[in-house]
Number of protein chains: 2
Amino acid sequence: MAAGQRGGWQPPLHRCGVSATWQAVRAAVLDRIRARDWPPGARIPDEADLAAEFGCARATVNRALRDLAAAGLLERRRRGGTRVSALPVRRAVLSIPVIRAEVAARGMAHGYRLLHDTAGEEPGVGPVRLVRALHTADGAPFCLEDRWISAAAVPGLAAADFAAVSANEWLVGNAPFTHGEIAFTAAAADPADARDLGCAPGAPVLTVLRRTWAGALPVTALTLTHAPGHRVTATL
Amino acid sequence: MAAGQRGGWQPPLHRCGVSATWQAVRAAVLDRIRARDWPPGARIPDEADLAAEFGCARATVNRALRDLAAAGLLERRRRGGTRVSALPVRRAVLSIPVIRAEVAARGMAHGYRLLHDTAGEEPGVGPVRLVRALHTADGAPFCLEDRWISAAAVPGLAAADFAAVSANEWLVGNAPFTHGEIAFTAAAADPADARDLGCAPGAPVLTVLRRTWAGALPVTALTLTHAPGHRVTATL
DNA sequence: GAGTGGTCTAGACCACCAA
DNA sequence: TGGTGGTCTAGACCACTCC
């Protein structure tokens, strides 16, 4: 679904109740699913029927049902109709801001220090720039950013000054990507990370691995090692 | 957008190229953003102008732009127009299947054992059922499920047999919720967790905290403690 | 083959908010 | 207050896929 529609929301009262909005249709369908009026696995009426029932256009019903399908509550197939998911795979939207914005959103002052910046070679990628930096929040270590950046995929890379602007932020504006993946895992802080993060060696730290591509070309891969206690949250 | 449209996709060739599809419009706009034809922060033409340019209906442009806004690449405001995000907050969609399905998706056999099941009281919630269970994958510990379930919010709770069906799965069909939150953090395995998971005490483990509500009523809260090495992944 | 969802169109009204 | 996005409509054609 459109993430922008999440959060506090008021139903628009167009046309003063003359006809249903797509949100109203979505709510009505959701109620029937939850009331087990339409039990898991059951097929629900087709769009034309629902449109007639709700007194709206088919396009309105379509939008409502598409939204519920995107949320994992319905499964739709051409010719096969629409069914209530038997085992709904709920989906949560994870926001991934620039680290500086993430720290600022917590009401803290963001700091940044470049730790290492060298040239290297990444197998299967070619020449890369290797960067390690520390982000701080109100002066305390927030997370370590370890990454390589492909020289081939990022024109102007050599000229970037990562002492002045974090690679995290510079890349946002200078290295567009088409797709990527992200993974979360727990790890024990290794001695170097522990030193830079100011925590005990072996302390459990949340690491975020991210990798992006521009088409078939790898752009960058990074590991964010967060200070102990860090949480990543999302809304269901 | 509809999740069903992700993945390998071929542009529909309706009308043999006479007019643009919304995906084509989205791709064209994306190209201009990436080419910095429309730099970060810049205002882009309004929907009517783009519709004229692409030779399609405004609704088609609207759908394309809404999709890009949902992905965090555009910011739209009535009267204010549409702008390219200066600091795009990328969004990733996290799938949250039932644990049994998650294990099965990895091609492993799911196992389940109830460890504890008692009545209790949760401050601010009232009487709850406290459940602790272990999920296994091919016989090896996969994750610990620790949760409370509100008796007030879940009719039929007392009759549920969590030795036969995991609470995780039973709740999917029996305790609909309206909203919830999820958080990831790294922790050190405490002695009890270490024993049940078969890992060393103090080992770094990924914990997932989840909490759901039905309207204003808390439904359940759980902690999933995953075996060391576990990863949670999503696509950008 | 035929039923269902996916999408496009052209027009319309409305809500919101920046100029 | 006017311009912009948000949405609805009624109709249409098409793609997919189950029967």
Side-chain angles (χ1 to χ4, degrees), chain A residues 1-29 42-70 74-84, chain B residues 1-29 41-70 73-84:
Chain A
M1 75 162 334
Q5 275 133 18
R6 292 196 177 281
W9 175 82
Q10 295 300 323
L13 292 177
H14 301 290
R15 312 174 161 257
C16 296
V18 168
S19 77
T21 65
W22 69 269
Q23 292 99 331
V25 173
R26 181 181 59 182
V29 171
R43 179 157 169 190
I44 75 173
D46 66 34
E47 295 185 347
D49 289 348
L50 289 173
E53 178 188 339
F54 290 118
C56 66
R58 183 167 79 93
T60 305
V61 172
N62 180 272
R63 180 151 183 201
L65 297 187
R66 260 194 297 116
D67 192 71
L68 288 170
L74 292 179
E75 288 165 5
R76 320 194 72 197
R77 278 205 209 138
R78 280 167 166 154
R79 169 67 181 170
T82 300
R83 293 178 175 280
V84 178
Chain B
M1 87 294 291
Q5 274 133 19
R6 292 197 174 282
W9 174 85
Q10 296 299 323
L13 293 177
H14 300 292
R15 309 170 165 257
C16 295
V18 168
S19 77
T21 64
W22 70 268
Q23 291 99 330
V25 174
R26 181 181 60 182
V29 171
R43 179 158 171 190
I44 76 174
D46 66 32
E47 295 185 347
D49 288 348
L50 288 173
E53 179 188 339
F54 290 117
C56 65
R58 183 167 79 92
T60 305
V61 172
N62 179 273
R63 180 152 183 198
L65 297 188
R66 259 194 298 115
D67 191 70
L68 288 170
L73 291 166
L74 292 178
E75 288 166 4
R76 321 193 70 198
R77 278 195 210 155
R78 281 167 167 153
R79 170 66 178 167
T82 300
R83 293 177 175 281
V84 179

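Throughout, protein chains are lettered first and strands after them, A, B, ... in sequence-line order, and every chain is numbered starting at 1. Side chains are part of it too, since the values below use all heavy atoms of this structure and drop only hydrogens, waters and symmetry mates.
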Which nucleotide, dC8(D), dG1(C), dG5(D), lies nearest any side-chain atom of R79(A)?
dG1(C)
I'd like to know if R58(A) reaches the base of dT7(C) with its side chain, counting only an N/O donor and acceptor under 3.5 Å.
yes
Regarding the side chain of N62(B), the nearest nucleotide among dT4(C), dG6(D), dC13(D) is dG6(D)
Taking the side chain from R83(B) and the backbone from G41(B), do they hold a donor-acceptor pair closer than 3.5 Å?
yes
For R76(A), enumerate each residue passing the side chain to side chain donor-acceptor pair (under 3.5 Å) test, keeping only those at least two apart in sequence or located in another chain.
E47(A), T82(A)
Answer with base, sugar-phosphate or nothing: what part of the nucleic acid does R77(B) contact at a heavy-atom distance below 4.0 Å?
sugar-phosphate
Nearest of dG6(D), dA18(C), dC19(D) to any side-chain atom of R76(B)?
dG6(D)
I'd like to check the side chain to side chain donor-acceptor pair (under 3.5 Å) partners of T60(B); sequence neighbours left out, ordered by chain and number.
none
Option from N62(A), V61(A), D67(A) for which side chain to side chain contact (heavy atoms under 4.5 Å, CB included) with L65(A) holds:
V61(A)
Which residues, if any, of residues 42-49 of chain A bring a heavy atom under 4.0 Å of DNA chain D?
none
L74(A) side chain near V84(A) side chain, heavy-atom distance below 4.5 Å
yes
From C-beta outward on R78(A), which listed nucleotide comes closest to its side chain: dC16(D), dC8(C), dA10(C)?
dC16(D)
